[in-house]
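Numbering starts at 1 and runs along the sequence shown. Note that ligands are numbered from 1 as they come in the structure, with each ligand's atoms numbered from 1 the same way. Computed from heavy atoms alone, side chains included, the values below leave out hydrogens, waters and symmetry copies.
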Amino acid sequence: MSQTEAFPSLVPRKMSSEELARAIRQDIAAELDAINLYQAHIDATDDDRARKLLAHVRDEEKTHVGELLALLKVLDPDAQRLLEEGLEEAAPILKKGR
Ligand SMILES: [Fe+2]
């Protein structure tokens, strides 16, 4: 369980936009954890059928991260700007590393 749990598992009311944005961030963290977990299981087996299926599921989780990020950008007005700032700050650093 995340140490930054924003809500109990079930929210017995409608969430505000700020609460929904926080929940989506928590969902993104869960997707990232799932990616690492599936990869660990892939690394820990020689069963090619399992490796292939787990890789497929892992990649679906990566897609879910993208979908949830798109939603977060809509819900959190600062998220879009700050994510783009991060991309811009990282780009020259990464380019130098080539
Ligand atoms: Fe997912």
Side-chain angles (χ1 to χ4, degrees):
M1 178 172 288
S2 171
Q3 294 184 6
T4 59
E5 184 175 2
F7 306 99
S9 297
L10 299 174
V11 181
R13 57 178 171 74
K14 302 296 184 187
M15 292 183 280
S16 68
S17 294
E18 291 80 13
E19 289 171 328
L20 180 56
R22 194 181 315 166
I24 296 304
R25 285 187 211 98
Q26 192 170 352
D27 292 339
I28 292 169
E31 298 289 357
L32 293 171
D33 281 345
I35 291 166
N36 284 338
L37 186 60
Y38 290 127
Q39 187 61 54
H41 295 164
I42 292 166
D43 294 343
T45 183
D46 290 327
D47 185 318
D48 287 337
R49 299 163 304 176
R51 291 174 58 87
K52 186 175 181 179
L53 183 74
L54 290 168
H56 173 76
V57 174
R58 176 206 58 207
D59 290 347
E60 285 183 341
E61 303 301 359
K62 292 178 180 179
T63 301
H64 296 166
V65 170
E67 291 170 326
L68 291 168
L69 274 173
L71 176 57
L72 184 60
K73 287 178 180 180
V74 172
L75 296 172
D76 179 350
D78 289 334
Q80 174 85 30
R81 176 180 57 80
L82 293 170
L83 287 169
E84 287 176 6
E85 275 184 31
L87 291 170
E88 289 173 15
E89 288 178 16
I93 297 168
L94 296 173
K95 194 172 184 179
K96 286 180 192 169
R98 285 186 182 172

Grab the two heavy atoms, one from K73 and one from A79, that are nearest each other, plus how far apart they are.
-> CA-CB, 4.3 Å
Please find the N/O/S atom of H64 nearest to the Fe ion (ligand 1) and write down its name.
-> ND1
Between I24 and L68 the two heavy atoms that sit nearest each other are CG2-O, 3.6 Å
What heavy-atom pair brings L20 and M15 nearest, and what distance separates the two atoms?
-> CD1-CE, 3.6 Å
With the Fe ion (ligand 1) as the reference point, give the N/O/S atom of E31 that is nearest.
-> OE1
Look at E61 and state whether any of its N, O or S atoms is less than 2.8 Å from the Fe ion (ligand 1).
-> yes
Looking only at atom types and distance, does a side-chain atom of R58 sit under 3.5 Å from a main-chain N or O of I35, one as donor and one as acceptor?
-> no
